[in-house]
There are 2 protein chains.
Amino acid sequence: MFSFSGTYHVFIDTKGRINLPSKFIEVLNNRYNNTLVLFKIDDCIVIYPEKEWEVYEEKVLRLSSMKKNVRDYRRIFYSRVQKDCILKHGKILIPQSLREYANLNREVVLLGASTIIEIWSKEIWDEFIANNDDKFEELAEEMANLG
Amino acid sequence: MFSFSGTYHVFIDTKGRINLPSKFIEVLNNRYNNTLVLFKIDDCIVIYPEKEWEVYEEKVLRLSSMKKNVRDYRRIFYSRVQKDCILKHGKILIPQSLREYANLNREVVLLGASTIIEIWSKEIWDEFIANNDDKFEELAEEMANLG
DNA sequence: TTTTAAAGTGTCACAAAGTGTCGAAAAGTG
DNA sequence: CACTTTTCGACACTTTGTGACACTTTAAAA
């Protein structure tokens, strides 16, 4: 009801749109709105509701642009962002460059993860799970050490 | 809606004009106006909406001109500026000297980065990404320490 | 000054990208 | 099994991006 969860197997249409599952729509209606931000990372696309995105971006905005390092970081950061993707009729358009990045053609996996949703190409997702699923316990320990 | 983001792949016409993507135009209409400032830096051209330019220039103006270093910096700074580039019919003309500086011929990448837009030649951008994209996480940590 | 070339501008038409809507199929529910 | 909800593709429509081309302005040369 108030946070994203579960994996869904959906199809992307010929114009590059994805129908979000009704469970996700419900969360957006309850807690957020129709304005979403897309972010490319780890070979998938992360969907942030606008409100969640702002928390993330805030930190980057504060850095001084007089430094080359900062400018370069900002370039990479913003090159991965697509703001103002509006959810219309339950569908969201994934711009072409993002589709290419995440290798989205027809079959897509959506992963709800609390405050965000991730979009994976089915092939890459299956591969990821095949390679990493059994690392779960191992990673869990590492996480415990971090904090 | 209110800030620039994302990368766009566009073409420069034979007269040296670029069609800004409608998402960028929308931001200009909402928050700014048609008067832009172009600035040469890091092998690309940065487009500042007039209002944002003033913020940047303000910082430079505040530096004490008693120091030779500052005076030199200011000289170079101003030599890189092209003011009063007007957006007309959604197009912006990039003067020849700037096109040469940034090596813009046909294929161009536009990068929206919050308050500014950067114009890159496709070749130079691709090279930049090839060299820096995988440093993203690394840079992210560095930035986290800064702020 | 007049002529000529170069730089810059306005407009249009076609192609490509994005949007709205609907009905059929599939999935979920009591 | 009926009924509701959700998902999905189809298709028409709108908006946006691009190249072409004629026109205007500016600058330089005769």
Side-chain angles (χ1 to χ4, degrees), chain A residues 1 4-30 34-38 45 47 82-102 104-112 117 119-122, chain B residues 1 4-30 34-38 45 47 82-102 104-112 117 119-122:
Chain A
M1 189 72 112
F4 306 110
S5 68
T7 57
Y8 294 84
H9 179 204
V10 300
F11 294 88
I12 196 165
D13 77 11
T14 48
K15 303 303 184 79
R17 287 178 295 183
I18 290 172
N19 255 80
L20 290 193
S22 57
K23 294 269 182 193
F24 288 173
I25 306 259
E26 210 180 309
V27 178
L28 288 171
N29 289 339
N30 279 322
N34 288 340
T35 306
L36 305 173
V37 175
L38 305 183
I45 309 291
I47 305 179
Q82 180 76 51
K83 280 199 189 169
D84 299 316
C85 292
I86 313 292
L87 182 81
K88 291 168 187 155
H89 315 102
K91 296 180 187 195
I92 177 171
L93 179 76
I94 314 295
Q96 190 162 3
S97 65
L98 306 207
R99 268 179 276 153
E100 278 165 16
Y101 171 83
L104 308 178
N105 359 58
R106 240 184 83 63
E107 293 191 77
V108 161
V109 172
L110 298 181
L111 172 65
I117 302 166
I119 312 175
W120 290 78
S121 105
K122 181 154 190 317
Chain B
M1 190 75 108
F4 306 110
S5 72
T7 55
Y8 294 85
H9 179 204
V10 300
F11 294 89
I12 198 166
D13 77 10
T14 47
K15 303 304 183 79
R17 287 178 295 181
I18 290 172
N19 253 79
L20 291 192
S22 59
K23 290 264 184 192
F24 288 173
I25 305 262
E26 210 182 307
V27 178
L28 288 171
N29 289 339
N30 277 319
N34 288 341
T35 306
L36 306 173
V37 175
L38 305 184
I45 309 292
I47 304 179
Q82 179 81 46
K83 278 199 186 169
D84 298 318
C85 291
I86 313 293
L87 182 80
K88 291 168 188 155
H89 315 103
K91 297 180 187 195
I92 177 172
L93 179 75
I94 314 297
Q96 190 161 4
S97 66
L98 307 206
R99 267 179 277 153
E100 277 164 16
Y101 171 83
L104 308 178
N105 0 57
R106 237 182 85 62
E107 293 191 78
V108 161
V109 171
L110 299 181
L111 169 67
I117 301 166
I119 313 175
W120 290 77
S121 104
K122 181 156 191 312

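Here is the naming used below: chain letters follow the sequence lines, and residue numbers restart at 1 for every chain.
Remark on the helix from C:dT1-D:dA30 to C:dG30-D:dC1: inter-end axis angle 20°, axes from five-pair C1' superpositions, rounded to 10°.
Atom CD1 of B:Ile119 sits about 6.0 Å away from atom CD1 of B:Ile45, to the nearest 0.5 Å.
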With a 3.5 Å cut-off and sequence neighbours excluded, list the donor-acceptor pairs that the side chains of residues 9-24 of chain A form with protein atoms.
| residue | atom | partner | partner atom | Å |
| --- | --- | --- | --- | --- |
| A:His9 | NE2 | A:Glu107 | OE1 | 2.7 |
| A:Asp13 | OD1 | A:Lys15 | N | 2.8 |
| A:Asp13 | OD1 | A:Gly16 | N | 3.0 |
| A:Asp13 | OD1 | A:Arg17 | N | 3.0 |
| A:Asp13 | OD2 | A:Arg17 | NE | 3.1 |
| A:Asp13 | OD2 | A:Arg17 | NH2 | 3.3 |

Donor-acceptor list for residues 82-101 of chain B side chains, cut-off 3.5 Å, not counting sequence neighbours:
| residue | atom | partner | partner atom | Å |
| --- | --- | --- | --- | --- |
| B:Arg99 | NE | B:Ile94 | O | 2.7 |
| B:Arg99 | NH2 | B:Ile94 | O | 3.3 |
| B:Tyr101 | OH | B:Asp43 | N | 3.2 |

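Boundaries of the chain B contact region on DNA chain C are C:dA7 to C:dT11, first to last in 5' to 3' order (nucleotide atom under 4.0 Å from a heavy atom). Think of the region where chain A sits on DNA chain D: with heavy atoms and a 4.0 Å cut, that region ends 5' and 3' at D:dT6 to D:dA12.
The side-chain heavy atoms of A:Leu38 and A:Ile47, taken from C-beta on, include a pair separated by under 4.5 Å. Under the 4.5 Å side-chain criterion, counting only non-hydrogen atoms from C-beta, A:Leu36 is in contact with A:Leu28. Contact of the B:Leu110 side chain with the B:Thr7 side chain is not registered, since no non-hydrogen atoms from C-beta on lie closer than 4.5 Å.
Only A:Lys15, A:Arg17, A:Asn19, A:Leu20, A:Pro21, listed by number, bring a heavy atom of residues 12-21 of chain A to less than 4.0 angstrom from any atom of DNA chain D. Taking a 4.0 Å limit (strictly below) on heavy-atom distances, residues 86-101 of chain A reaches DNA chain C at A:Lys88, A:His89, A:Lys91, A:Leu93, A:Gln96, A:Arg99.
Of all heavy-atom pairs between B:Ser121 and B:Ala102, the closest is CB-O, 3.5 Å.
Between A:Ser22 and B:Glu26, the residue whose closest nucleotide on DNA chain D is further toward the 5' end is A:Ser22.
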